[in-house]
Amino acid sequence: MLLIRCPYCATERPEIEFRHGGQAHVARPADPSAVDDAAWSEYLFFRDNPKGVAAERWRHVHGCGRFFNCLRDTVSDRILATYPAGAPRPTLGAEGAR
Amino acid sequence: MTAGRSFRLASGGLVARDAPLRFSFDGADYEGLAGDTLASALLANGVRLAGRSFKYHRPRGIVAAGSEEPNALVELGAVGRREPDTRATTAELFDGLSARSQNRWPSLRFDAMAVNSLFAPLLGAGFYYKTFMWPASFWERLYEPLIRRAAGLGRIAEARDPDRYETVHDHCDVLVVGAGPAGIAAALAAARAGAKTILVEEDFVAGGRLVADRREIDGVGGAEFARAAQAELAGLPNARVLVRTALFGAYDHGEYGAVERVTDHLADPPPFAVRQRLRRIFAKRCIVAAGAIERPLPFGDNDRPGVMLAGAVRAYLNRYAVTPGTRAVVFADNDDAARTLADLALAGVEVAAHVDPRPGAAARLTAASGVATRAIEGVVTRALGRLAVTGAASVDAAGAAWRVDCDLIAVSGGWTPSAHLTTHLGGKPAWREDIGAFAPGALPPGMAVAGAAAGDFGLADALTGGWAAGARAAQDLGFAPPPPREPKVDPDAPARASTLRVHPGARGKVFVDLQNDVTTGDVALARREGFRRPEHLKRYTTLGMATDQGKTSGPLGLAELAALEGREVSDLAPTTWRPPFTPVAIGALAGAHVGPDLQPTRLPPAHAVAVEMGAVFVPAGPWLRAQYYPQGAESGWLEAADAEVRAVRAAAGVCDVSTLGKFEVAGADAAAFLDFAFANPVGALAPGRVRYGLLLRDDGMAMDDGTVARLAPHRFVVTSSSVGGPAAHLHFDFQRQARKPDLDVRIENVTSQWAQFSVAGPRARDAIARVLDPAFDVSDAAFPYLAAGEARLAGGEPARLFRLSYSGERAYEIATPAQWGAGLFRALVAACEELGGRAYGLEALNVMRIEKGHVAGSEIDGRTTPRDLGLDKFVAKKKDFVGRAMLSRPTLLDPARPSLVGLRSVEPDARIVAGAHLLAEGAPFDARHDLGHVTTFGHSPTLGRWIALALVKDGAARIGTRLRAVEPLRGHDALCEVVAPAQFDPEGSRLHG
Ligand SMILES: [Zn+2]
C-alpha cells in the first residue's frame, strides 16, 4: 500500500483515502470552441503513458477532498513528490532520479 | 490390502497419543491423533491411494509432507463449505473431519475414466488446441460436454459460503517468512535486538526440517530447539509467531499478503469466529526463510502410490511416527540418502535396496549409515504395481537389470531453494552451479534470504545465516545487533540437486508434472512443435500451471527441456513465479466485504416510517428506496403503483426524494461557477427561483441532471439525481478546484443533512399548506410555478420549499433538516390521505416521468447528448461550459443518432420491457435491423397501456409509426406506437391546475 502525503493535510495517509485523477498539468484550452479538432482531441483524449516519472492528479477523497498533484514512478510505483494543484512540477533530486 | 493395520510407531513423533481423533475418507471411518495431518493419518491407517489424476485418472498417492504436494488433493466439507483440491498434507486433522477423494467415478479403486489412459495419444501436449477443433459443429454437442465430465480438478461449492472472513493490517520492523532453523534464528536475532518482529509459518508446528529430521543443536533435539525458540519469541513483547499463516505474496513497498487459517483445524469453531484471516503485513525488512523443495527423479510410472519424496518419508517417520511403507527402496543421487536409510532402519522399515547412480556412492552411504541393504550403483527405471507400488525395476552401472519387491520408493533429486517470494516483484532467480539449482537473484528493496531458501542447505549454515540476516535487518533499522552465534550441530552433507535424466531403458509414462499429468513425452512433443522456451512449454503443456504451480515439477521440466535442446539448465530462464505462493480462498481475499456488506446501505431519514407503512424497498445505487406502498388487497407492484399514480393524478401524493444529491453553493462567484458547471444558463436565475439543471461531461455527453435554486444573490441549492450524487459532487469539486480555482465559491455536499419530499397532484397545495407555518403564503400569486424559498414548518422547524414538478402535476418539493424528516413525512402522508391521496414510491414516480417524457439515469447512460435526449432547448447559447465544445461537432449532430421517443403498446396488455430491441414491423430479428432499445418501461393507468421511453435511430422521424419491441430472453414481443416523449398533458396545463 502506498503512503501518500497530502500537501494540504500535510500528513502521510494510506492509499485507500485517495483517488487517482488522471494526468496532471493538462490545461483546458481557454476558449474550447475556438480550437481546432486536433487541439481539442489532444486535450480531451490523449494522455502520456511514461515508463518512469509521471505527473498525476490525485484527490484526497476520504480526507480534505482536495485535488493535488504528484510525481509517481510508474516502474517502482513509488510516489516521489506531492504538491498543491497550481504549483509548478517540482524538479527531483537524487532521491527521485532513482 | 494394507488397510485395517496400524502403521503408527510405538513411540516418538509430535503426535498426542492420548488424543485420538475420528475422521472419515470416502465414507470409511478411521482414527488419527492430534498433531496429524490428514495425509499422516491416512498413512497411519495404511491408506496410500488418495486420488485420481487430472487427465488420465491414474491412481495417485501421497508424494510430499507439505504445501508442495502435487497429488493428494481431496475435497473437504459439504454444501457451502465444500472445499476442493485441499492438500491432504497440510490439512490439520480434527475430530469428525470428513474427506473425499476427487476425480474418480464410480469409486477410487475402480475409475471408469481411467480409460482416458487408452486415449493418451489424443490427450498429449496442447490437445485442447488440436484434437477438438474439427468439425466445429461437434464442439457444443460432443467435445465440450465430454471434456467437462472428464477434466477439471475437484468440484466447487454450489452454495453460498456460510463462513466469515476478515482482514487485518499488521505493521512490523522485521517480517520473517518460515519458522525453520534459519527463520527461527533470524527472528530471535531481530527480536532480541529490540525490533518489532513477526515470524510467520504456514505449518501448524514451528521447526520446518527441525521437526521432520532427527537433528541436534547445542545438545538439544531439533523439535525441542524449535519449541523453546517459539516460546521465547511468544514471551517477548516485540515479537509474534503466527503459525497456520501462509505468506502468499510480496507486494510493493514492503507489503506482504498472508492468510491465517483461524478455525479450519477446529471440530467446533466458536460462534462468530472467522474461518480465515487475511493479513496485510507492512514490514520495513523481510527475511525469506522459506526453505527448499525436494526434487523428484524421473523414471517410468513414477506417479504410482508409494513413490514418495525422501524428505517426506523422513517427516512421516520422525514427526508423525508413521511408516509410509513396510519395505522400501531408496533412490537418490545425493548424500541426504544416508539420513533416509538410517531413519527407515530405525523405524523398523526394511530397506530392500539403495540405488544411487554416482560411482561408489550407494556402497559408501549404505556402509556409513550401517543399514543392511543391497547397494545398487544405478537408477530405478520403473515403478511396478498399479494401485500401489509393488516393486522397483532398476538397471545398474554394468547394465544388469534388477527387480526389487517393495511398497515404498523414497526418491530424492536434491533440493531447490524456495525462491518464489523473491520473484513476485519482477526479480529473476539466478543459477547456482554449486547447488545445481536456481536460487534467489536480485532482491526487492528491504528483502533478504536465509537458510535453504538462500541455497544454504546445511543446518549450521542455516542457523548462522539466519541469525546474521536477523541481526543485519535490526541493525539497518537502528537497533544494536546481538553478537554473532556459532551453534554446534550434528554434521550434515548438503545435497546438490541433480539433473538426472530418465534412463533410456525406462518403460511406462514418466511424469514431470503430476498434478497436470504432463509427461516427458509431452515435453518432447511440445519441443518438436516449436515450443522451446520454458514459458512456451508451460503454456503449451500446462506444465507448472496447476494449483501447486510446479513446485516439484518445475526443475524436472527444465532439466528435460535443456537435455532435449542440448543446452545447460543454467542457460534457460525459469518461468515466472507469481502470487499466490499457495492457493488462497476467494472468501479470505474478500474479507467482510460480501453480500449486503459489500458497501454501506444508505437509508433516507424517513426510512423507518416507510417500513411502518409496509413499503416494499428496492436498491437504488447505495440507497434503499420505497418502490411502492401496498394497501389493502393490492397484491403486487403493478396494482399498488397503478393506484398510487391514480391517487397523484386525482388528488395528491407524497414521495420521499431525500436520496437526491444536494449541494449548497455559495460565494460572490457562485453564479459564474454554476454557469460553467451546468450546460444551461442557471446563473441568470433570479433569487427565489428554481430551474432544471443539466450537467455534461467534457466530451459533450450528458452526465446527470437536477435542479438549481437561488435562495439569495450569492447562495444556491443544487440537486442531482440520487444515484449520480457522488459523481456530481466530484464534478463540482473538480471544476472548482482544477478549472476555476480563482472563483470565490464554496461547495458543500449536504445530501444526508436534508430530508426532502415531493408532493404532487391537483390537491398538492392543500397538502403542503397543512404542514407549513400558516403564515407562509402558498398562493399561486405568492409562490408560483418554479418559485423557491425558505419557510418554516407548522412546528417552527426550518424548511425549504421549491415548486417543481416531475410528475407533470402541480407539485412542490419540501426539504427540512434530517432530524425532522420522519415527522414531516408522517405529516405529509396524513395530509395527502385526508385529501384522498397517498404515499407513492419509485415505481409510480417512474411511470409518471415516462408519461411526461422526463429522462433519468436509464437515458443519461453516458452515450447520449442533450440533443439525443431532446434537451438541446435548455442548453446555453453563448457562455462557456463543460461539454460545450463538443456539441457542435458534426458526428454529435447526425440525425441518425439514436434519440429519445415515447412508446405505447398497441394491445393494452402487451408488455414492453426495458432492454427490448426495436425493429421495424416485419424486419428479421438480427443486429443489422436493430433500430434502438427500450430504456425504461411502466404501466400507465392514465393511458391504460404499457408505455416506455426508448432511444431510436432517426427517432423524431419515426413518431407516428409502429415498431416491435422484442426481448427474446424472456420472450417479450410487443407491437408499439412511437410517440413524442411527453405522452400525457404535453401542453403542461396541469402544472398550474
Ligand atoms: Zn488532505
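What you are looking at is a predicted structure, and each value in this text was computed from that prediction instead of being measured. Sequence lines set the chain letters: A, B, ... in the order given, protein chains first and strands last, and positions in each chain run from 1.
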Non-hydrogen atoms of chain B under 4.5 Å away: do they reach the side chain of A:V61, the backbone, both or neither? neither

Can you tell me which portion of B:L730 sits under 4.5 Å from chain A's heavy atoms? Options are side chain, backbone, both or neither. both

Whether the side chain of B:H424 engages the backbone of B:P580 through a donor-acceptor N/O pair (distance < 3.5 Å, no angle test) should be reported. no

What I want to find out is whether B:D733 reaches A:R59 closely enough, with some N-O distance under 4.0 Å, to be called a salt bridge. yes

Any donor-acceptor pair under 3.5 Å linking the side chain of B:T719 with the backbone of B:G661? no

Report which part of B:D698 has an atom under 4.5 Å of a heavy atom belonging to chain A: side chain, backbone, both, or neither. both

By a 4.5 Å heavy-atom criterion (distance strictly below it), what part of A:R57 contacts chain B: side chain, backbone, both, or neither? side chain

A:D37 versus chain B, the contacting section by heavy-atom distance below 4.5 Å: both

Are B:F678 and B:F732 near enough that their ring centres are under 6.0 Å apart? yes

Please test B:F881 against B:V875 for side chain to side chain contact (heavy atoms under 4.5 Å, CB included), starting from the C-alpha separation and ending with a verdict. CA-CA 10 Å; B:F881 54 84; B:V875 172; 3.5 Å; yes

Counting only non-hydrogen atoms closer than 4.5 Å, does B:R736 touch chain A with its backbone (N, CA, C, O), its side chain (CB onward), both, or neither? neither

